[in-house]
There are 2 protein chains.
Amino acid sequence: MTTSERKRRMPRAERERQMMGVAEEIFAERGYAAVSMDEIAERCGVSKPMIYEYFGSKEGLLVACIRAARADLSKCTLEAVAGAGSVEEALRRGLVAFFDFTDTHRRSWSLMLRNEAALAGPVAIAEVEEARREQVELDITLFAAFVPDKPRTELEMLAQILVGACERLSLWYVNQSEVTAAQAADMLMSVLWSGVAGDIPPG
Amino acid sequence: MTTSERKRRMPRAERERQMMGVAEEIFAERGYAAVSMDEIAERCGVSKPMIYEYFGSKEGLLVACIRAARADLSKCTLEAVAGAGSVEEALRRGLVAFFDFTDTHRRSWSLMLRNEAALAGPVAIAEVEEARREQVELDITLFAAFVPDKPRTELEMLAQILVGACERLSLWYVNQSEVTAAQAADMLMSVLWSGVAGDIPPG
DNA sequence: GAGTCCAGCTTACCCGGAGTAGGTTACTTG
DNA sequence: CAAGTAACCTACTCCGGGTAAGCTGGACTC
């Protein structure tokens, strides 16, 4: 970040990445509504119309950020699941990867969860919902292998339960210093495996 | 709603209720960001400064609506739980009451869940979070009676898991015609009781 | 029934931030 | 070097949250 670097022209792809980086940071920190496009532009060392040129609208920028963050998350969990030998192991690895992600990429996670409800336009909402859907589909696939006799509707319900539990749990545990990602994953795993009365297995 | 009725002066409490009713309806329908204060004022047959007089800001109005809706929900679930003979029954009754509420009071529910993330001001966020906290506390109490040997931290995690699962599940199932509130409650009950492999008990 | 008080109400404005029209600059390519 | 175009800018419009300042009608006193 040399001073001479700061006002150089950039090719579109690079500028887009920069804009999304800046946006992700301050959207996650202060919330979508509290951030102005002028501020984002200024921090990029560029004027406002450039952002509109590349992202169309403030909502468009947020959607792009959320989709990118979701893609990262999906990539992490998918990779973790891919290396597993059994279905149970896949589930556990997926959970650990998820909580690790929410712990190490707090900005991205806060961006996704705290701002997706700030969207108003139906198209934007649909696009974000579509990005979230990947998560649900992965869980359905896992459950389908885990309990093959259940009908699709029940698998879908199980997946929704899991996704909701993951989200709330991670929102809660980022403020708790004494709980680790692995513990959260274990807790959830134990509930899924044998209900609330089940013991937490050793890490 | 006679024509002569429409422009009468109202005492503050009554006007506040009317404003919150109007706001709840259109916030839930179109989302916080897409609704203007002028529109709310017009629908109330009153001018904008009146709303500011009573609620301070647009956020203040939303917070008031969310808190009222949360209070309704809390009342329903608490009443349902109160009449139970065993802890297990309390849990089941609470779940059924919850899903019934989200099904029959869709406006209130949509208001709470879809708009709480639209808040930007820290005080507003804290107030809403406080309202949600009641739900978590109830669940902790139930789990504490259910699995008395577990430490507080684990009970808290279980409660977060349950709340998250309830929220996601209800968000999903309001769009599904073939799933009833009772089925959703049963599904969740079965998972909590014996994990994902457990059968759904007969209604 | 004239005076006064104040809760409920209004008009008319400010201002910040989303979004845009139209023009300028510098890099590439023949 | 001329031409073309991708990156960029200045200078606006307009909408919506929020406010200042004043009006009104009914309740309550004397």
Side-chain angles (χ1 to χ4, degrees), chain A residues 3-23 26-27 29-66 115 118-125, chain B residues 3-23 26-27 29-66 115 118-125:
Chain A
T3 319
S4 62
E5 179 80 5
R6 284 177 68 181
K7 272 279 180 175
R8 107 169 198 276
R9 284 195 174 195
M10 288 182 193
R12 172 163 186 159
E14 187 182 352
R15 187 64 86 187
E16 281 179 350
R17 274 196 301 277
Q18 183 208 16
M19 288 170 173
M20 286 169 68
V22 168
I26 57 185
F27 280 156
E29 211 167 285
R30 304 211 305 274
Y32 178 74
V35 175
S36 78
M37 292 296 267
D38 289 287
E39 180 182 351
I40 298 173
E42 195 189 353
R43 288 213 197 185
C44 291
V46 111
S47 73
K48 198 168 49 165
M50 289 307 300
I51 311 181
Y52 284 91
E53 174 78 21
Y54 293 161
F55 295 96
S57 66
K58 194 183 179 186
E59 271 204 355
L61 176 59
L62 176 58
V63 168
C65 291
I66 291 179
N115 291 308
L119 280 322
V123 272
I125 291 175
Chain B
T3 319
S4 61
E5 179 79 5
R6 287 180 66 182
K7 271 278 178 175
R8 95 165 211 280
R9 285 192 175 196
M10 288 182 194
R12 173 163 184 157
E14 187 183 350
R15 187 64 87 187
E16 280 179 350
R17 274 195 301 276
Q18 183 207 16
M19 287 170 174
M20 285 168 68
V22 168
I26 57 185
F27 280 156
E29 210 166 286
R30 305 212 304 274
Y32 178 73
V35 174
S36 78
M37 293 296 267
D38 289 287
E39 181 182 350
I40 298 173
E42 195 190 351
R43 288 214 197 185
C44 291
V46 109
S47 72
K48 197 168 51 164
M50 289 308 299
I51 312 181
Y52 284 91
E53 176 78 19
Y54 293 160
F55 295 95
S57 66
K58 193 183 180 187
E59 271 204 355
L61 177 59
L62 177 59
V63 168
C65 290
I66 291 180
N115 291 308
L119 281 320
V123 270
I125 291 175

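These values consider heavy atoms only, across backbone and side chains, with no hydrogens, waters or symmetry-generated copies. Order of the sequence lines fixes the chain letters, A, B, ..., with proteins taken first and strands second; residue numbering starts at 1 for each chain.
- With sequence neighbours excluded, the residues forming a side-chain hydrogen bond (donor to acceptor under 3.5 Å, both in side chains) with Arg12(B) are Glu16(B), listed by chain and number.
- A sub-4.0 Å separation between OP1 or OP2 of dC9(C) and a side-chain N or O of Arg15(B) is present.
- When atom types are taken as modelled, the side chain of Glu59(B) and the backbone of Ala124(B) share no donor-acceptor pair closer than 3.5 angstrom.
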Met50(A) vs Met10(A), test: side chain to side chain contact (heavy atoms under 4.5 Å, CB included). Steps then yes/no.
CA-CA 12 Å; Met50(A) 289 307 300; Met10(A) 288 182 193; over 6 Å; no
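- DNA chain D is contacted by Ser47(A), Pro49(A), Met50(A), Tyr54(A) of residues 47-66 of chain A, taking any non-hydrogen atom closer than 4.0 Å.
- Residue Cys65(B) holds its SG atom at 11.0 Å from CE of Met19(B), rounded to the nearest 0.5 Å.
- Contacts classified as ring pair (Phe, Tyr, Trp, His ring centres under 6.0 Å) and involving residues 35-63 of chain B (residues at least two apart or in different chains) are not found.
- Surrounding CD of Glu42(B) are at most 12 heavy atoms belonging to other residues, nucleotides or ligands under 6.0 Å away.
- Taking CD1 of Ile51(A) as the reference point, atom OG of Ser57(A) lies at 11.0 Å (rounded to 0.5 Å).
- The CE-P distance, from Met19(B) to dC9(C), rounds to 7 Å in whole Å.
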Should Ile26(B) and Arg43(B) be marked as a side chain to side chain contact (heavy atoms under 4.5 Å, CB included) after you check the CA-CA gap, both sets of side-chain angles, and the distance that decides it? CA-CA 10 Å; Ile26(B) 57 185; Arg43(B) 288 214 197 185; 3.5 Å; yes
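- Atom CE of Met20(A) and atom CD1 of Ile66(A) lie 10.5 Å apart (nearest 0.5 Å).
- Contact check on Arg15(B) versus Glu53(B) returns no salt bridge, with no Lys/Arg side-chain nitrogen under 4.0 Å from an Asp/Glu carboxylate oxygen.
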Grab the N/O contacts between the protein and nucleotides 25-28 of chain C below 3.5 Å, and write none if there aren't any.
unit_1	atom_1	unit_2	atom_2	d
dT25(C)	O2	Arg9(A)	NH1	3.2
dT25(C)	O2	Arg9(A)	NH2	2.8

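- Of the possible polar contacts, none joining the Asn115(B) side chain to the Leu62(B) backbone as a donor-acceptor pair under 3.5 Å is found.
- Atom CD of Glu39(A) is separated from atom P of dG16(C) by 15 Å (rounded to the nearest Å).
- Residues from residues 30-38 of chain A placing a heavy atom under 4.0 Å of any atom in DNA chain D do not occur.
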I'd like a list of close polar pairs between nucleotides 13-15 of chain D and the protein, N/O only, cut-off under 3.5 Å.
none

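- Between Arg8(B) and Pro11(B), the closest heavy-atom pair is NH2-CD, 4.4 Å.
- The two residues Ile125(A) and Ala120(A) have their closest heavy-atom pair at CD1-O, 3.8 Å.
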